[in-house]
Amino acid sequence: MYICVFFTAVMGMIIFIPAGAGGIINASYQLNQMVHNTWFVTGHFHLTIASTVLLTFFAISYWLIPVLTGRVFTKQLNRLAIVQAVLWAIGMFLMAVIMHIVGLLGAPRRTSYSTYGGHELAVTWLSYNQVIALGGVILFVAIVLVLYIWFNLLFLAPKSEKTIEYPIGVVNEQAEHPPRILERWSFWIGVSIALSVIAYAIPIYQLIMHAPLGSLPYRTW
């Protein structure tokens, strides 16, 4: 395994620690009321999807593309991949962490930037936005690097003299056989149907019993 593959994947795992902590806040009804429509939520998804998930995808691509193309992942490309992962982590740190902070200060998401009539709190958001923009610039550099690495692995890197085998898991000879029922599709399909019924039966029942949909009529004057 190339060093960059391990390094990039582990970095994604580490970032998921604060990302998961923010997810607990979003999942809490009371706390989520405070941050729901702010940049805190945007920052959370930048840590989970744009950081952990994408770093994992990068790591997979650094391993899978050479296997598919039969090209050598050179030491130079390996170093560039590590630099790319570090830049991505730094850019996302500047962007996502600052989004969390400015979200706690009340900056809304899904709206154009506004000073709210020059309110002193809203004016302070501008400096945070500048740091977020700096993180975006670093992320752009990281994107250019990863595209350069992929292009080399697809077309320019030297061909491997030996066939690069696709690793396949081998069952240990001493491993115990699982129960035969767990090897049947019908069992797992049945479990999926049962879980779906448990999850949706009560909400659907309530929709039917409290039909039609909509709120009670009210007057605004």
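In this structure, the separation between CZ on F58 and CE on M11 is 12.0 Å, given to the nearest 0.5 Å. Note that the CG atom of L145 and the CZ atom of F140 stand 10.5 Å from one another [nearest 0.5 Å]. The line from CD1 of I98 to OH of Y128 is 7.0 Å long, rounded to the nearest 0.5 Å. Considering CD1 of I82 and CG of L77, their distance stands at 11.5 Å, rounded to 0.5 Å. Remark: F93 CZ to I90 CD1 distance equals 10.0 Å, nearest 0.5 Å. Expressed to the nearest 0.5 Å, how far CD1 of I149 lies from OG1 of T74 amounts to 9.5 Å.
Taking both residues in full, the closest heavy atoms of L94 and G135 are given as CB-CA, 4.0 Å, listed atom of the first, atom of the second, then distance. Here the shortest heavy-atom pairing between F73 and A81 reads CZ-CB, 4.1 Å. The two residues A19 and L47 make their nearest non-hydrogen contact at CB-CB, 3.6 Å. Between G43 and A96 the shortest heavy-atom distance is O-CB, 3.6 Å.
Using a distance-only test at 3.5 Å, with no hydrogens or angles considered, no donor-acceptor pair links the side chain of T8 to the main chain of V5. In terms of modelled atom types and a separation under 3.5 Å, the side chain of R71 and the main chain of F155 share a donor-acceptor contact. Between the side chain of T69 and the backbone N or O of L153, at least one donor-acceptor pair lies under 3.5 Å.
Linking Ile, Leu, Val, Met, Phe, Trp and Tyr residues whenever their side-chain heavy atoms come within less than 4.5 Å places M92 and I101 in a single cluster. Put simply, L156 and L80 are part of the same group of oily side chains (I, L, V, M, F, W, Y) that touch within less than 4.5 Å, one to the next. Residues V41 and L104 fall into different hydrophobic clusters, defined by Ile, Leu, Val, Met, Phe, Trp and Tyr side chains chained together at heavy-atom separations under 4.5 Å. Both I15 and V83 are assigned to one and the same hydrophobic cluster, defined by single-linkage of ILVMFWY side chains at heavy-atom distances under 4.5 Å. Under the 4.5 Å side-chain heavy-atom criterion for ILVMFWY residues, a single connected hydrophobic cluster contains both L68 and F151.
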Below 3.5 Å, can you tabulate the donor-acceptor pairs from side chains in residues 183-209 to any protein atom, sequence neighbours excluded?
from, atom 1, to, atom 2, distance (Å)
W188, NE1, L182, O, 2.8
S192, OG, W188, O, 2.9
S196, OG, S192, O, 2.9

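At a threshold of 4.5 Å between non-hydrogen side-chain atoms, the residues V86 and F7 count as touching.
Partners of L147 by side chain to side chain contact (heavy atoms under 4.5 Å, CB included), not counting sequence neighbours, listed by chain and number: I143, W150.
Side-chain heavy-atom separations under 4.5 angstrom define the hydrophobic clusters, and V170 shares its cluster with no other residue.
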Output, in order, the C-alpha distance, side-chain angles, deciding distance and verdict of side chain to side chain contact (heavy atoms under 4.5 Å, CB included) for I65 and L154.
CA-CA 7 Å; I65 295 178; L154 287 170; 3.9 Å; yes

Mind running side chain to side chain contact (heavy atoms under 4.5 Å, CB included) on R109 and T38 for me, showing each step along the way?
CA-CA 5 Å; R109 62 180 179 137; T38 70; 5.9 Å; no

Would you check, one step at a time, whether the test side chain to side chain contact (heavy atoms under 4.5 Å, CB included) holds for N26 with V35?
CA-CA 8 Å; N26 294 332; V35 300; 3.9 Å; yes

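Every pair passing ring pair (Phe, Tyr, Trp, His ring centres under 6.0 Å) that includes a residue from residues 22-46 is listed here, sequence neighbours excluded: F40-H100. Sorted by first then second residue, the side chain to side chain donor-acceptor pair (under 3.5 Å) pairs that include residues 50-60, not counting sequence neighbours, number zero. Within the structure, the side chain to side chain donor-acceptor pair (under 3.5 Å) test picks out the following pairs touching residues 75-89 (sequence neighbours left out): Y62-Q84.
In the displayed structure, Q33 atom CD is contacted under 6.0 Å by more than 12 heavy atoms of other residues, nucleotides or ligands.
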